[in-house]
Structures are given as structure tokens and as C-alpha cells.
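Heads up: the structure comes next, in C-alpha cells.
Given the structure is predicted, the values throughout are model-derived calculations rather than measurements. Start at 1 and go down the list; that is how both ligands and their atoms are numbered.
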Amino acid sequence: MSDASGALAPYAASETQGKGRRYPEAPARYRGEYQRDRDRIIHSTAFRRLVYKTQVFVNHEGDLYRTRLTHSLEVAQIARTVARALRLNEVLVEAICLAHDLGHTPFGHAGQDMLNACMKDYGGFEHNLQSLRVVDELEHKYADFPGLNLTFETREGILKHCSVRNAGGLGELGKRFLDRHQPGLEAQISNVADAIAYNNHDVDDGFRAGLLHLDQLRGQTLFANQYDQVVERYPKLDDRRLIYETIRRMINRLVTDLIEHTQATLDRLQPESIDDVRIQPKALVRFSDEVFEEHTQLKHFLNHNLYRHDKVRIMTDRAKDTVRELFDRYMRAPGEMAAEFSRQAEAEGSRKARVVADYIAGMTDRFAIAEHDRLTGIT
Ligand code: MG
């Protein structure tokens, strides 16, 4: 969908009114600016690594579980549906979604929490900020500028959260966290689509892994309502198909509600531009209260029953040890890192720690494990 089609809503992000790139570039001949952003993200090294990074289950535990890559693709397709229905910029939404997890460490949240703990005295580690760091600085691909030189709107969407302390150093991009403003609607959609995707695919992965059971899931309103309808209509379906059919209906309920509720809000407020959206005190892309309740109930359920399941916890504890030991090792012996990183790590203190954190954050699960084994002699 291009701006020229005239199909976009007045409050959609539009290339002609965009805030541009950090390093000005001539327009591409056949592609729009957000299309170019999306293409650069797909061509990045960090994007290819997502296939070997954990979502919930460590990459080598099974071939069928989501990885960060398949998660990102699911987020993008959900978000595109919402964007198109609301007449927002679908290409921008796709670019944001594909990039949203580029800064994730190996081993999912466990890896990130541990890296943040390791970096406590050196400015901390935030994965959203790291995603921005990847596209702004860490990718070395183009002759004329560092990073991917993405547009303001894509970078705004990637930076989903940011501490006030770090926002101060980000110029215009960080300003909304200080002013308590919102990003554009495309960024807001990507954010909610992320939660829709993981809530639903984690039910699927959790069930497949045998960590979640039907009777537990039937205690969740969002699941139960759809499940009961499926059983009534297809009484002979086997469990696997039953779950799939239920999940696709759950996603449909969430997406439909999100579109309709958000459209009603937009009709009521009638923002005239993306800047009208940005100055709102609250995000405009939201579920109705009823569906928000169902969605949140499921989120809490997964938190207690899947992410903190004993079997997941054994894996995450091991992942945390791996990250901690890698960090300590590289801080003591930066020469053990790849040449490009060990050269930069000659500095001391927080600059050295940041290089180590960048190096570890960029690792895939299996590379982190292999490095850990090599450095510690333990397998
Ligand atoms: Mg995500």
C-alpha cells in the first residue's frame, strides 16, 4: 500500500510527512521508504540469527517449537491484518514487527534477565534498546553510514519501552518516554500483535511439549469459550486438531475485537495526523474491556504455568548460568571474543562491558552453548 493510493487514513504514518533517516539518502527508484526499511531488516545478519534463538523452548529442544524468527513472522502477519483493516501503513507495521526482537539475547527472557543483571553496574541491558542498537549501530553493512539507517517511524516502533534514564540520551526518539507520549498507531499495533502472537503460540507449544493440559486450559475464559464451540460443532476431532482450531479462533477473536474497538476509538477522537496520535495520554490501539480481561487472564496463566514450569525453569536456570559465565569470562579475557569485538573491548569499565554485552546478545543459542563449552571445558 503506497501513500499515493490515497487509501491511508489521515492519522496513518506517511512517507511524505515522515521524520526521515539519521543520514539523509536519495529516495529509491522503485521502493517506498518503509519498504526499504523492511528490506534492510530482512537482509541483516541479526535477522538471520533469529532462527536459532529461543522464544520459550531452547532452539535444539525440538524442531516444531517457535523460534524468534517464526514468532516475528507471526507477529508481522497479525499486525498487517490489523493495519490494513484500520487503513494504516501496512509496510511500516511489517518492518517494525520483523525488527522488534532483533536485540534479543540467546535463551529468551532468561538470557536477557541475566545479561541485565551482569550489566547492573554498567548501565544495564534492555532488549528493546538493544534492538534499536542493532539497527542503528551494530549492523555493519553499508558504506555510507553505520547501522541500517532506518526511518524515524520504524525506529520509533522498535523502541517499545525504554527507561527514562536511557531515553534522555536518544534525542527526539527518546522524548516520548520523558513526555509520556505515545508512538504512532503502526508502532502500537506491532506491540499488541506481539502479545497476541506469543499468548497463542505459547499455548500451542506448551501443549505440544506436554507442559500444559486441556483441563487447565479449559479454566481460561478465552480458551474455554472457543473450545466449547469447536467441540460442539466437531465432536470427533482429535486433541491436536481441536487445539489448533481453538487457537485459530482465539486469534480471530482477539484480532477482530482489536480492530473494531480501535476503529471505534479513532472514529470518536478523529485524530487528524500521526502527531495527534502521539500526544494522546494513552495508546489508542486497544481491546475492549471484556477481551482485554480474557487476554490478560491467559497471559497470567502462561506466566505461572508455562514460563515458570519446573521443566522450563531447569532450562532457564542453565541458560542463566551460561550467560553469566560467558560474561565473566569475556570481561576477564576480552581476547576470547571475535576479533572485531576484542579490539573494541580494549577500553575499560562500562565501555568494555557494553562490547561484551553486545557480543553475547548477538549470539544464537547454539553458539552461546558452544562458546561456553569451549571456554569452560564443561559440556
Ligand atoms: Mg516479541
Side-chain angles (χ1 to χ4, degrees), residues 37-38 41-42 44 46-59 64-83 92-116 125-135 138 150 154-163 183-206 247 250-251 254-255 258 283 285-287 295-296 298-303 306-308 312 316 319 361-365:
D37 280 1
R38 182 203 55 202
I41 290 158
I42 288 177
S44 71
F47 185 74
R48 287 195 297 283
R49 287 189 182 133
L50 292 178
V51 73
Y52 298 112
K53 290 197 183 200
T54 294
Q55 184 64 26
V56 174
F57 297 91
V58 172
N59 182 244
L64 296 175
Y65 299 120
R66 267 71 175 187
T67 66
R68 289 252 165 230
L69 181 66
T70 55
H71 161 71
S72 299
L73 296 174
E74 290 185 26
V75 175
Q77 63 96 359
I78 288 170
R80 285 177 56 186
T81 301
V82 179
L92 172 60
V93 157
E94 188 183 13
I96 295 169
C97 293
L98 294 179
H100 88 283
D101 273 347
L102 289 181
H104 254 289
T105 62
F107 314 124
H109 281 274
Q112 169 210 306
D113 292 346
M114 183 45 85
L115 198 52
N116 188 29
F125 178 88
E126 299 177 40
H127 72 267
N128 288 298
L129 196 57
Q130 190 69 12
S131 296
L132 186 70
R133 235 174 113 63
V134 167
V135 300
L138 299 178
L150 303 180
T154 302
R155 296 169 62 236
E156 175 188 46
I158 291 172
L159 195 61
K160 195 158 67 172
H161 303 289
C162 183
S163 62
L185 294 168
E186 287 79 1
Q188 295 182 27
I189 288 174
S190 310
N191 194 5
V192 183
D194 187 18
I196 294 177
Y198 66 65
N199 252 351
N200 286 284
H201 65 48
D202 289 350
V203 168
D204 182 37
D205 282 353
I247 291 173
M250 285 160 62
I251 296 174
L254 294 168
V255 169
L258 186 67
V285 177
R286 304 173 90 88
F287 298 113
H295 172 77
T296 309
L298 183 63
K299 196 166 167 171
H300 290 157
F301 165 80
L302 288 170
N303 232 321
L306 182 62
Y307 312 141
R308 291 187 211 160
V312 174
T316 53
M363 291 179 180
T364 60
D365 293 3

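By the 30° and 60° cut-offs, the orientation of the rings of His127 relative to His109 is perpendicular. Under the 30°/60° scheme for interplanar angles, the aromatic rings of His71 and Tyr198 are found to be tilted.
Checking side-chain atoms of Asp101 against main-chain N and O of Leu50 turns up no donor-acceptor pair under 3.5 Å. Under a 3.5 Å cut-off, the side chain of Thr316 and the backbone N or O of Val312 do form a donor-acceptor pair.
Around the Mg ion (ligand 1), the protein atoms of type N, O or S found under 2.8 Å away are His71 NE2, His100 NE2, Asp101 OD2, Asp194 OD1, listed by chain and number.
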Stepwise side-chain contact (heavy atoms from CB on, under 4.5 Å) test for Ile78 and Leu254: CA-CA 10 Å; Ile78 288 170; Leu254 294 168; over 6 Å; no
From CA spacing to verdict: side-chain contact (heavy atoms from CB on, under 4.5 Å), Asn303, Arg308: CA-CA 6 Å; Asn303 232 321; Arg308 291 187 211 160; 4.1 Å; yes
